[in-house]
Amino acid sequence: MNEVRLLLRKDLLILKNNILLIFRNPARLIPYAVMIGYFLFMYTRRFSGSKVSTDELNMDAAGEVDFALQNVIGGATLLALAFLIFQLYRATKNNVTFFKMADVNLLFTAPVKPENLLIYYMARSILPALGGSLFFLAYSGGQMARDFELGALGIVFLVLGFALFFFMIFPLRFLIYTLHTKFGIIQYIRGGVIGLGVLLVAMILIPGLMAEEFWQGMFSWIASPWFDLFPVVGWSRGMMGYFVNQNLILSSSFLFLYALSYFSVVKLVIRYAGYYYEDVLESTKSNEEKLEKALGKREVTEDTYSLNAKKQLALPEFGMGAKAFYWRNYVHSSRQDFHPLIGVYTLGMALLGIVFAGLSNFDWFSHKVVYFYLCFMIGFYFLAGIGRASIGDLKKPWFILVPASWSSKFWNMIKLDLLQTVIFSLLLIIPAVFLAGIHVGLIVIFPLGMIFAYLVGLAVNLIPQVGLDEGWDRILIKPLMIGGIFIFGLIPSFILGVIVLAVTDQFIYGLLTMVIGLGLVASILVHVTLDILKRLEFKEI
């Protein structure tokens with residue numbers, strides 16, 4: 001056990017150093033003070049409000065089902081189930097590790113039993129889960145304290161139920177990884193996870209289709225008390241329900257199930273992990289690289305979000321000259337997703353909008369959600385255009401060397417992006433229009449808005465990068481240039497769209513006004529971009 005004591009001492013010293021760093025810069029304490037102040041303020045308000053009686057939460061008290069409460073519980077359960085299935089499926093695709101490169105390079109090569117390292121780091125992984133649980137309690141516990149009598153045990157079970165849900169996922173993922181490295185059964189595990197997901201979907205669809213209204217029955221099974229027996233998700237829900245039912249034996253039983261499951265998982269991992277140094281080395285390095293990219297310490301490359309990077313391609317001849325840029329983007333898109341024009345990301349976002357459109361036919365779901373989603377996608381593609389200027393062909397010297405006109409090279413560079421944007425827009429808006437019964441004119445206006453937003457975002461970031469040299473001119477002029485585009489171009493278009501929407505009470509006219517404004521801004525900025533590209537030289541942009 002000397003190894004465990006040394007590891008604990010090492011982590012305590014790291015914690016001490018982090019605390020000292022925080023106190024050296026008192027400004028870092030402001031978010032913590034705000035969070036604590038919010039919690040205390042909301043908690044003290046409970047004495048001025050009336051508590052909600054637990055009898056009011058009994059779904060069968062009057063012989064009638066409280067569909068609002070059922071859907072709230074079912075919706076939260078569905079999100080937890082989706083997160084669990086996603087994490088288990090992800091474990092069948094990517095290696096799982098608890099470690100950092102410092103652990104791999106120093107601790108793994110030290111005379112320490114690998115089993116002790118594994119047990120320590122698996123147990124230590126509960127600390128981030130507890131931290132997130134405490135943050136959740138600080139954010140929402142104050143509001144619940146105003147309506148419910150939480151008490152000490154209620155707070156404890158809330159924290160444990162939230163924390164153990166996230167904590168238990170990582171040992172399960174590591175167990176999947178361990179069993180695969182030992183027995184090579186990843187295909188069977190993946191099939192089981194997919195089968196479980198299909199079963200859970202059926203548990204929502206079947207009662208929904210059997211009910212008079214789909215929304216009245218869709219969560220009747222997964223929101224029922226017996227679903228508390230479902231591993232991990234149900235156990236957490238049962239523990240967190242202590243502040244409602246005040247059943248100490250039931251909540252303690254779920255806590256015991258968690259303890260028993262964790263003990264069993266650890267025993268299985270220790271038995272089948274063996275000496276896991278070689279297995280964990282690559283996955284640990286990959287995780288650290290992703291973290292560095294997220295923190296901005298490493299440049300984001302084109303293959304950062306690739307889903308199919310090792311795909312073997314058989315491509316036709318696209319031609320020479322500027323068409324080579326389209327060919328290069330086509331190859332990259334084929335490896336980034338499972339189809340160069342329509343991929344998983346595209347279908348997922350389109351399907352979400354179609355679901356919103358279908359739900360808007362119900363009384364409890366408004367068309368405003370569909371309209372908000374359409375506006376959100378336009379804003380999202382504006383940000384995608386900004387990001388497009390930072391990676392790709394403009395970062396390479398061959399953009400200048402290709403013997404073609406600047407306009408031809410520019411349009412071939414973004415041609416595939418425009419095709420993908422149009423296809424995604426049509427996949428989303430055509431079913432949404434007919435399902436939600438909204439204006440048919442959106443089939444034309446929405447794709448145009450998506451294209452204009454993408455072009456504006458691309459030009460907003462591209463013009464300063466190409467037109468301004470590295471130095472004080474970028475630092476001082478670039479913010480003014482971008483600010484001018486927003487103040488005199490984008491913001492007026494948005495405000496005019498909102499005014500037209502308020503006057504006519506028709507979303508299509510408001511969106512049309514905004515799209516016309518975006519089109520004017522895009523035409524000006526694209527013209528400036530084509531003119532300024534001629535100044536591109538061999539320099540880091």
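Under the rule for a ring-ring contact (aromatic ring centres under 6.0 Å, His included), Phe86 has no partner lying at least two apart in sequence or in another chain. Every residue two or more places apart in sequence or in another chain that forms a side chain to side chain donor-acceptor pair (under 3.5 Å) with Asp11 is listed here: Tyr120, Arg124. In terms of the side chain to side chain contact (heavy atoms under 4.5 Å, CB included) criterion, residue partners of Val201 (sequence neighbours excluded) are, by chain and number, Leu205. In this structure Thr421 satisfies the side chain to side chain donor-acceptor pair (under 3.5 Å) test with no other residue, sequence neighbours excluded. By the salt bridge (Lys or Arg N to Asp or Glu O under 4.0 Å) test, Arg190 is found to be paired with no residue, residues two or more places apart in sequence or in another chain being considered. Residues satisfying the side chain to side chain donor-acceptor pair (under 3.5 Å) criterion with Asp417, sequence neighbours excluded, are Arg388, Tyr454. The ring-ring contact (aromatic ring centres under 6.0 Å, His included) check on Phe230 picks up Phe227, with sequence neighbours excluded. Not a single ring-ring contact (aromatic ring centres under 6.0 Å, His included) links Phe380 to another residue, sequence neighbours left out. Looking at residues two or more places apart in sequence or on another chain, you find a ring-ring contact (aromatic ring centres under 6.0 Å, His included) between Phe167 and Tyr262. In this structure Phe434 satisfies the side chain to side chain contact (heavy atoms under 4.5 Å, CB included) test together with Ile430, Ile443, sequence neighbours excluded. Residues satisfying the side chain to side chain donor-acceptor pair (under 3.5 Å) criterion with Ser224, sequence neighbours excluded, are Trp226.
Taking CG from Leu8 and CG from Leu15, the interatomic distance works out to 10.5 Å, rounded to the nearest 0.5 Å. From Ile14, atom CD1 reaches atom NZ of Lys10 across 4.5 Å, with rounding to the nearest 0.5 Å.
Between the side chain of His367 and the backbone N or O of Ala436, at least one donor-acceptor pair lies under 3.5 Å. Here the side chain of Ser425 pairs no donor or acceptor atom with the backbone of Pro447 at under 3.5 angstrom.
Phe507 has its side chain within reach of Leu442: a pair of non-hydrogen atoms, C-beta onward, lies under 4.5 Å apart. For the pair Ser261 and Trp235, the minimum side-chain heavy-atom distance is below 4.5 Å. Looking only at side-chain heavy atoms (C-beta outward), Trp221 and Ile206 come within less than 4.5 Å of each other. Looking at heavy atoms from C-beta onward, Arg237 lies out of side-chain contact with Phe165 at the 4.5 angstrom threshold. Within the 4.5 Å cutoff, the side chain of Phe157 has heavy atoms near those of the Ser252 side chain. Using a 4.5 Å cut-off on side-chain heavy atoms (C-beta onward), Leu352 and Leu428 make no contact. The side-chain heavy atoms of Leu164 and Met239, taken from C-beta on, include a pair separated by under 4.5 Å.
Contacts classified as side chain to side chain donor-acceptor pair (under 3.5 Å) and involving residues 370-386 (residues at least two apart or in different chains) are not found.
Ring planes of Phe162 and Phe166: tilted class, angle from 30 to 60°.
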